[in-house]
Amino acid sequence: NAGVTQTPKFQVLKTGQSMTLQCAQDMNHEYMSWYRQDPGMGLRLIHYSVGAGITDQGEVPNGYNVSRSTTEDFPLRLLSAAPSQTSVYFCASSYREGRPQHFGDGTRLSIL
Amino acid sequence: SQQGEEDPQALSIQEGENATMNCSYKTSINNLQWYRQNSGRGLVHLILIRSNEREKHSGRLRVTLDTSKKSSSLLITASRAADTASYFCATDESGTSYGKLTFGQGTILTVHP
């Protein structure tokens, strides 16, 4: 069972570049979310989705965009990368909101 | 701001000892969850306790919840070196849309063999 798969695992970008972090789950979960983890800050919610076609903002949405065209996939787009977006990004899914979440292993992103 | 505040920030113990971590939160909740994160990995769900429950057990884990004090504790008994990890509490706040989880900053547990 793959669970939640995130790609890439590591990425280095230059300021101003754009990129998409991929997230896919094979558990038929309706609820998916993106977090960023910074030292001393815990996990902060960026965007979430309660089902295909439905997304909403979390605590720190600025500079990020999401879409949910299928149940399985929930990509996160950085529109114009900034050094402040250097972080570890985690995607998670659960069968419904508020329930235990399954996490991917993260994407470690550095922006120079 | 973070809903969950965890205490202590770091805990170092010997194998076989018990480890206790605490979490405080600010608002009413539907449930509170504890997660473990090994270095370089994603979070793994450990246990969920509902707002109408006071104590829950799972193997060597014991979680308590005191909604009047808005606090929870995670006890790991007879710790092992493999328990070395960061531990996070997360709250499902009641009254918010779509049951978003809010995570605390975590406790780093080191268990020395």
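All chains are named by letter (A, B, ...) in the order of the sequence lines, taking the proteins before the strands, and each is independently numbered beginning at 1. Here the structure is a predicted model, which is why all the values come from computation and not from measurement.
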Notebook entry, point to check: Does B:L11 CG have over 12 foreign heavy atoms under 6.0 Å away?
Noted result: yes
Next item on the list: Indicate, with yes or no, if A:V88 and A:M32 share a hydrophobic cluster defined by side-chain heavy-atom contacts under 4.5 Å among Ile, Leu, Val, Met, Phe, Trp and Tyr.
Entry: no
Margin query: To the closest 0.5 Å, what do you measure between CG (B:N31) and CZ (A:R99)?
Written below: 6.0 Å
Note to self: Under 4.5 Å between side-chain heavy atoms, counting indirect links through other Ile/Leu/Val/Met/Phe/Trp/Tyr residues: same cluster for A:V4 and B:L43 or not?
What the structure shows: no
Next item on the list: Heavy-atom distances under 4.5 Å only: say whether B:Q9 touches chain A with side chain, backbone, both or neither.
Entry: neither
Margin query: Membership question, hydrophobic clusters at under 4.5 Å side-chain separation (ILVMFWY): are A:V66 and A:L45 in the same one?
Written below: no
Next item on the list: Could you tell me which portion of A:Q37 (side chain, backbone, both or neither) has an atom closer than 4.5 angstrom to a non-hydrogen atom of chain B?
Entry: side chain
Note to self: Are more than 12 heavy atoms, taken from residues, nucleotides or ligands other than B:R41, located less than 6.0 Å from that residue's CZ atom?
What the structure shows: no
Notebook entry, point to check: For A:T5, what residues pass the side-chain hydrogen bond (donor to acceptor under 3.5 Å, both in side chains) criterion, not counting sequence neighbours?
Noted result: none
Check: Under 4.5 Å, heavy atom to heavy atom, which residues of residues 103-112 of chain A contact chain B?
Finding: A:F103, A:G104, A:D105, A:R108
Margin query: Just verifying a value: how many Å separate B:L48 CG and A:Q101 CD, rounded to the nearest 0.5 Å?
Written below: 11.0 Å
Notebook entry, point to check: Would A:V60 and A:F90 show up in the same hydrophobic cluster when neighbours are defined by side-chain heavy atoms closer than 4.5 Å?
Noted result: no
Note to self: I need the B:L101 CG to A:Y35 OH distance, nearest 0.5 Å.
What the structure shows: 5.0 Å
Check: Near B:R80 CZ, under 6.0 Å, is it more than 12 heavy atoms from other residues, nucleotides or ligands?
Finding: no
